[in-house]
Enquirer: 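One structure is given below, represented as C-alpha cells, and several questions about it will come after.
Chain letters run A, B, ... following the sequence lines, proteins first, then strands; residues in each count from 1. Please read all numbers here as calculations on a predicted model, not as lab measurements.
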Amino acid sequence: MTLTAVKGFNDILPDESRRWQHIEQTARRVFELNGFGEIRVPVMEKTELFCRSIGDATDIVEKEMYTFTDKGENSVTLRPEGTAGVMRAFIEHKLYAQDPVAKLYYMGPMFRYERPQKGRYRQFHQIGAEITGVHDPLADAQVLNMLATFFREIGLTEPTLQINSLGCPECRPAYRTALRSFLEERLGALCEDCKRRFATNPLRTLDCKVPGCIESTAGAPSVLEHLCKGCDDHFSTVKHYLDLSATPYSINARMVRGLDYYTRTTFEMVTGLLGSQSAVAAGGRYDGLISQLGGPAIPGIGFAMGLERVALLLGSQEFTTLPDLFIATMGSSERDVAFSLLDGLIKSGVRVEMDYEGKSLKSQMRRADKLKARYSVVIGENEVAAERATFKRMADGLQSDAALTVSGIQTLVMKSEQ
RNA sequence: GUGGCUGUGGUGAAGCGGUUAACACGUGCGACUGUGACUCGCAUAUUCGAGGGUUCGAUACCCUCCAGCCACCCCA
C-alpha cells in the first residue's frame, strides 16, 4: 500500500453512498416541506469569520481548525461547521432585505483537526438548517419538530430530543457566578479536567463523565432557575408548541454547547448507540450572531446533524437498486443487437446489464444471478432472426416469450413490477 | 494533545522460532460446448504494516517507526 488517503479523510463507497443519499433525500424532502431552501456556500472562508462566530477561546478555533495562508497571504480556513458561512452569505447578500424571514438548509463536508474515532473524522459531513428573522418561540418549535420528523421519516426512533435554555446576555452572567461559587466549595472533589473547566468554562463541569464529578455537581444550580423573565417565557412557549405538535422531548438542564454564539434554546438529539459520540444532531438559538458578524440585529436558530453518525444509526440497511434485466449473448454477432437494446431500454428507464467481455454463457448467467437481476434473456442467432426471445424470471426460473424490442421488453418488465 | 488495544490475502481469520502460511467466505474458470442459484473440481498471500536487531533460521522474540481502531479532551 503506497498511497493512502489522508488520516481522518474517508472514501464513501457506493453501498455506503446510497445510504447517505437516502439520508440526504429524506432531509431535503422534510426540509422543503417546511419551506426551507438549500443554500450552497464555500467550504473555505476567511479565518476571521470563525474566530468571530464560533468564539476565539473555543477548542474548535483554538486547536481544531484547518487554517493556512494562501498564495495571496490571506489566512483562510476549511469550515469547521456550517452556520458561520451561511450567516456570512446571508449578510453579504442582504437576504433579510428581500424577506424578513429566511429558512435555509445546507449539506456538505466540514473539517476539524481532531483525533479520528468512531463517528468522528477530520472530514465529516453535516446537514443543517437555519431560520433567521424570527424571535418567536414558534421558530424554535418548528425547527425542533422538523428535526424530530426527519428522524421519524428516516426510520429511527433512537436519537431522542433533549432541550435546554442557556439564557441570554442578560441572565447568563448571574448563572455563571452562581455556578462558580457552588463549584468553588467542591473544587477538591473534582477531577483534573473539571478543575481546569472551572477556570475556563464552568458550565462544562455539568456534563463531565467522571462519577466523582457527577456526584459532586448533583446539586448544582440549574440554568433554568436563573433565566430572566424573557428567557423563561420563551422556554415555556417552546415547550408549549412542542406539546402541541406532539414532539417528544426531555429537558436536560445540564446540556452545554461548544459554540459561543448560542443563546436561549439549545438542543441535542442524543443516542446511546454510538459510544462516546452521543450527539447525532445539535443546535440552538443564536440571537446575537448576525449582528456580531456585522449584520443587522436579526435573531436566528438552527441545527446541524452529523451524516456519518446518522448513517451509523441506520446500520447495514441496504439501499441498492437491482437490475431489471440481464442480457446474455451467445456470440459476438449478437452483441450489436444486445447493445442497441441496452441503450434503448436505459433511455426508457429500464435498468439493464449485459456482459462486457464476451464471456461464456455460464459466466454471464452467473453474473446475472450475482447482480440479482429480475430477468435474464439469452440472445443467439435464433432470437435475432425471430425477433423474439425467452425471458427468464430469475427468482423462480419461470420463462416467458416476448418480442425482442425495447417496447416488448419494457412491457414485460413493467408488468411484473406489481 | 493524552491513553489503551491491534496490525497475516479482496474479507473473516489459524499459525506464536524450522509448515507447500491452515480453514471459511469472496472472486475467476470449468464439470453442463444455449441458461444462474445447490453440488463438485481447479485457480487465487514468492509472503505475514515498514525498517533494524537477536538467531544456523523469524510471520512468530526485541527495538524503532508507521497505520488502524477505541477511549479521553472536545464535538455533529
Enquirer: Search all heavy atoms of A:A102 against all heavy atoms of A:F90 and return the closest pair with its distance.
Expert: CB-CE1, 3.7 Å
Enquirer: When the distance from CG of A:L273 to P of B:C70 is rounded to whole Å, what number comes out?
Expert: 15 Å
Enquirer: Can we say A:E38 and A:R28 salt-bridge, meaning some charged N sits less than 4.0 Å from an Asp/Glu carboxylate O?
Expert: yes
Enquirer: When all nucleic acid strands are considered with a 4.0 Å heavy-atom cut-off, which category describes A:G119: base, sugar-phosphate, or nothing?
Expert: base
Enquirer: Return no unless some side-chain N or O of A:S360 is found under 4.0 Å from OP1 or OP2 of B:G30.
Expert: yes
Enquirer: Name the pairing partner of B:C72, where a pair is Watson-Crick or G-U wobble with both distances under 3.5 Å, or state none.
Expert: B:G1
Enquirer: Which residues pass the salt bridge (charged side-chain N to carboxylate O under 4.0 Å, His left out) test with A:D207, sequence neighbours left out?
Expert: A:R204
Enquirer: Starting from C1' on B:C75, measure out to CE on A:M65 and report it in whole angstrom.
Expert: 15 Å
Enquirer: Which atom pair, heavy atoms only, marks the closest approach of A:P323 to A:L371?
Expert: CD-O, 3.1 Å
Enquirer: When all nucleic acid strands are considered with a 4.0 Å heavy-atom cut-off, which category describes A:A368: base, sugar-phosphate, or nothing?
Expert: nothing
Enquirer: Between atom CG in A:L274 and atom P in B:C69, what is the gap in whole Å?
Expert: 15 Å
Enquirer: Taking a pair as Watson-Crick or G-U wobble with both distances under 3.5 Å, which nucleotide is matched to B:G30?
Expert: B:C40
Enquirer: Determine the Euclidean distance between corresponding C1' atoms of B:G1 and B:C63; express it in Å to zero decimal places.
Expert: 25 Å
Enquirer: Passes side chain to side chain contact (heavy atoms under 4.5 Å, CB included), A:F150 versus A:M305? Steps please.
Expert: CA-CA 11 Å; A:F150 165 80; A:M305 69 176 121; 3.3 Å; yes
Enquirer: Measuring only the C1' atom in each nucleotide, how far is B:G7 from B:A60? A whole number of Å is fine.
Expert: 14 Å
Enquirer: What interatomic distance, in whole Å, is found between P of B:U20 and the corresponding atom of B:U64?
Expert: 33 Å
Enquirer: Is A:R257 salt-bridged to A:E268, going by a charged N under 4.0 Å from an acidic O?
Expert: yes
Enquirer: Identify the nucleotide, in any strand shown, that forms a Watson-Crick or G-U wobble pair with B:G10, with both distances under 3.5 Å; if there is none, say none.
Expert: B:C25
Enquirer: Could you tell me how far B:U27 sits from B:G10 if I compare only their C1' atoms? Round to whole Å.
Expert: 8 Å
Enquirer: For nucleotides 32-45 of chain B, give me one character per nucleotide, 5' to 3': B if any protein heavy atom sits under 4.0 Å from the base, S if the only such contacts are to the sugar-phosphate, - if neither.
Expert: B-BBBB--------
Enquirer: Which heavy atom in A:L361 sits nearest to a heavy atom in A:A328, and how many Å separate them?
Expert: CD1-CB, 3.8 Å
Enquirer: Does a side-chain N or O from A:R120 land closer than 4.0 Å to OP1 or OP2 of B:C70, or not?
Expert: no
Enquirer: Identify the nucleotide, in any strand shown, that forms a Watson-Crick or G-U wobble pair with B:A60, with both distances under 3.5 Å; if there is none, say none.
Expert: none
Enquirer: Would you call A:D401-A:R388 a salt bridge at under 4.0 Å N-O?
Expert: yes
Enquirer: Pairing donors with acceptors under 3.5 angstrom, does anything connect the side chains of A:N10 and A:Q123?
Expert: no
Enquirer: Would you mind telling me which residue lines up with the more 5' stretch of RNA chain B, A:Q117 or A:Q126, judged by nearest nucleotide?
Expert: A:Q117
Enquirer: Please work out if A:R204 contacts a base, only the sugar-phosphate, or nothing of the nucleic acid, heavy-atom cut-off 4.0 Å.
Expert: sugar-phosphate
Enquirer: Strictly by Watson-Crick or wobble contacts shorter than 3.5 Å, is anything paired with B:U47, and which nucleotide is it?
Expert: none
Enquirer: Does this structure show an ion pair linking A:D369 with A:R366, if we count only N-O contacts that are shorter than 4.0 Å?
Expert: no
Enquirer: Does A:S363 reach a base, just sugar-phosphate, or nothing at all? Heavy atoms under 4.0 Å.
Expert: sugar-phosphate
Enquirer: When you compare B:C72 with B:U19, how far apart are their P atoms, in angstrom units rounded to a whole number?
Expert: 45 Å
Enquirer: Taking CD from A:E192 and P from B:C73, how many angstroms apart are they, rounded to a whole number?
Expert: 13 Å
Enquirer: Could you tell me which nucleotide pairs with B:G17 by Watson-Crick or G-U wobble geometry, both distances under 3.5 Å, or answer none if nothing does?
Expert: none
Enquirer: Is there a Watson-Crick or G-U wobble partner for B:U54 with both distances under 3.5 Å, and if so, which one is it?
Expert: none
Enquirer: For a quick test of reading the model: is some side-chain N or O of A:K118 closer than 4.0 Å to OP1 or OP2 of B:C69?
Expert: no
Enquirer: Considering non-hydrogen atoms only, spot the tightest contact between A:M87 and A:Y286 and give its length.
Expert: CE-OH, 3.3 Å
Enquirer: Can you tell me, in whole Å, how much space there is between the P of B:A21 and that of B:U54?
Expert: 25 Å
Enquirer: Using the P atom as the reference point in each nucleotide, state the distance between B:U47 and B:A14 in Å, no decimals.
Expert: 22 Å
Enquirer: What is the distance from CZ of A:F150 to P of B:A76, rounded to the nearest Å?
Expert: 17 Å
Enquirer: What integer distance in Å separates A:L203:CG from B:C74:P?
Expert: 12 Å
Enquirer: In whole angstroms, how far is the P atom of B:C75 from the CD atom of A:E308?
Expert: 18 Å
Enquirer: Mark up nucleotides 2-7 of chain B, 5' to 3', with B wherever a protein heavy atom is under 4.0 angstrom from a base atom, S wherever such an atom reaches only the sugar-phosphate, and - elsewhere.
Expert: BB----
Enquirer: Could you tell me the separation between the CD atom of A:Q162 and the P atom of B:A76, rounded to a whole number of Å?
Expert: 14 Å
Enquirer: What's the gap between B:C69 and B:U55 when it is taken at their C1' atoms, as a whole Å value?
Expert: 34 Å
Enquirer: With respect to the phosphate group of B:C75, does any side-chain polar atom (N or O) of A:S278 fall under 4.0 Å of OP1 or OP2?
Expert: no
Enquirer: Should the pair A:F31 and A:Y105 be assigned to parallel (<30°), tilted (30 to 60°) or perpendicular (>60°) ring geometry?
Expert: perpendicular
Enquirer: Could you pick out which residue, A:A5 or A:Y262, lies toward the 5' side of RNA chain B when each is mapped onto its nearest nucleotide?
Expert: A:A5
Enquirer: Should B:U35 form a Watson-Crick or G-U wobble pair with both distances under 3.5 Å, which nucleotide is its partner?
Expert: none
